[in-house]
Amino acid sequence: QVQLVESGGGLVQTGGSLRLSCAASGRTFSSYAMGWFRQAPGKEREFVARVSWSGGSTSYADSVKGRFTISRDNAKNTVYLQMNSLKPEDTAVYYCAVLELGSRSARYWGQGTQVTVSL
């Protein structure tokens, strides 16, 4: 089992930046692809970004492509989401997740961190 703890959320103005971190426990962290998801009020949780176990492959939702960057440091058991040029529509609770092999489906979830982008 892997436990995930997100941090780095907060309140930022439109156009600002935040970096989210997700610290994982468990020695098998480096074996898994990791992802970030988000859920806005009244909406379903949606995929944001994915990084392969090695960090060599990434993919993004169209809505964040070119603005967000996912990365990982396996030595620190941590995955990151650098968010630039933030928009009010990026406001949501952001969750990191351990992904099922070869998919964007989550196997384990973190508890989430709130990101609020003001006008």
Side-chain angles (χ1 to χ4, degrees):
Q1 181 134 359
V2 177
Q3 294 184 331
L4 306 170
V5 179
E6 300 97 333
S7 61
L11 174 64
V12 64
Q13 291 185 330
T14 296
S17 298
L18 283 174
R19 188 175 82 153
L20 306 183
S21 299
C22 174
S25 64
R27 58 184 178 180
T28 59
F29 170 79
S30 60
S31 301
Y32 294 106
M34 299 291 296
W36 284 96
F37 296 75
R38 66 187 182 186
Q39 187 167 19
K43 295 187 177 181
E44 294 187 352
R45 193 172 299 188
E46 64 176 1
F47 168 80
V48 174
R50 178 187 185 275
V51 61
S52 63
W53 67 270
S54 67
S57 176
T58 58
S59 61
Y60 299 90
D62 287 344
S63 59
V64 306
K65 203 172 293 184
R67 300 187 298 122
F68 291 10
T69 302
I70 189 171
S71 61
R72 67 190 296 163
D73 185 337
N74 286 342
K76 295 182 178 180
N77 277 13
T78 302
V79 63
Y80 304 97
L81 186 69
Q82 177 66 44
M83 305 185 296
N84 299 328
S85 302
L86 283 162
K87 305 175 181 179
E89 52 263 44
D90 295 317
T91 295
V93 178
Y94 283 71
Y95 300 88
C96 73
V98 174
L99 300 182
E100 296 285 2
L101 183 65
S103 83
R104 293 180 176 179
S105 297
R107 186 171 185 176
Y108 303 112
W109 292 101
Q111 86 288 350
T113 186
Q114 177 70 47
V115 171
T116 303
V117 184
S118 64
L119 292 170

Practice task
Look up atom CD1 in Ile70 and atom CD in Gln82, then write down how far apart they are to the nearest 0.5 Å.
Solution key: 12.5 Å
Handout entry: Value rounded to 0.5 Å, distance of OG1 in Thr78 from CG in Leu20
Key = 12.5 Å
Problem - Nearest non-hydrogen partners of Ser52 and Gly56, listed with the distance - result: OG-N, 3.3 Å
Practice task
Any chance you could lay out the side-chain contact (heavy atoms from CB on, under 4.5 Å) test for Leu4 and Met34, step after step, and finish with the verdict?
Solution key: CA-CA 11 Å; Leu4 306 170; Met34 299 291 296; 3.9 Å; yes
Problem - hydrophobic_cluster_shared for Val12 and Tyr80, side chain cutoff 4.5 Å - result: no
Handout entry: Sidechain-backbone polar pair: Glu6 side chain, Gly112 backbone, donor-acceptor under 3.5 Å
Key = yes
Problem - Value rounded to 0.5 Å, distance of SG in Cys22 from CG in Asn77 - result: 10.0 Å
Exercise for the section: Decide side-chain contact (heavy atoms from CB on, under 4.5 Å) for Glu46 and Arg38; before the verdict, give the C-alpha distance in whole Å, the side-chain angles of both, and the deciding distance to 0.1 Å. Expected result: CA-CA 5 Å; Glu46 64 176 1; Arg38 66 187 182 186; 2.6 Å; yes
Completion exercise
To the nearest 0.5 Å, atom CG of Leu86 lies from atom OG1 of Thr14 at 8.5 Å
Practice task
Examine distances only and state if a side-chain atom of Ser25 and a backbone atom of Gln3 form a donor-acceptor pair shorter than 3.5 Å.
Solution key: yes
Exercise for the section: Please name all residues satisfying side-chain hydrogen bond (donor to acceptor under 3.5 Å, both in side chains) with Glu100, sequence neighbours left out, ordered by chain then number. Expected result: none
Exercise for the section: Kindly indicate whether the side chain of Gln114, heavy atoms from C-beta on, has any atom under 4.5 Å from the side chain of Thr91. Expected result: yes
Practice task
Run the salt-bridge test on Asp62 and Lys65 with the 4.0 Å N-O cut-off and return the result as yes or no.
Solution key: yes
Practice task
Sequence neighbours left out, what passes ring pair (Phe, Tyr, Trp, His ring centres under 6.0 Å) with Tyr94? Give chain and number order.
Solution key: none
Practice task
Give the other cluster members for Phe47, using side-chain heavy-atom distances under 4.5 Å between Ile, Leu, Val, Met, Phe, Trp and Tyr residues; answer none if it is isolated.
Solution key: Phe37, Val93, Tyr95, Leu99, Trp109
Handout entry: Check: Asp90 side chain, Ser63 main-chain N or O, donor-acceptor pair, under 3.5 Å
Key = no
Exercise for the section: Report yes or no: is the cationic atom of Arg72 (NZ for Lys, CZ for Arg) under 6.0 Å from the centre of the six-membered ring of Phe29, at an angle within 45° of the ring normal? Expected result: yes
Exercise for the section: Would you indicate whether Glu89, at its atom CD, is surrounded by more than 12 heavy atoms from other residues, nucleotides or ligands within a distance under 6.0 Å? Expected result: yes
Completion exercise
Heavy-atom closest pair (Val2 atom, Ala24 atom, distance to 0.1 Å) is CG1-CB, 3.9 Å
Practice task
With rounding to the nearest 0.5 Å, note down the distance linking CZ in Phe68 to OG in Ser85.
Solution key: 9.0 Å
Exercise for the section: Establish whether Trp53 and Val98 are linked, either directly or via other cluster members, by ILVMFWY side-chain heavy-atom contacts under 4.5 Å. Expected result: no
Exercise for the section: Please confirm whether the backbone N or O of Ser103 pairs with a side-chain atom of Ser105, one donor and one acceptor, at under 3.5 Å? Expected result: no
Handout entry: Polar side-chain atom of Thr58 near backbone of Arg50 as donor-acceptor pair, under 3.5 Å
Key = no
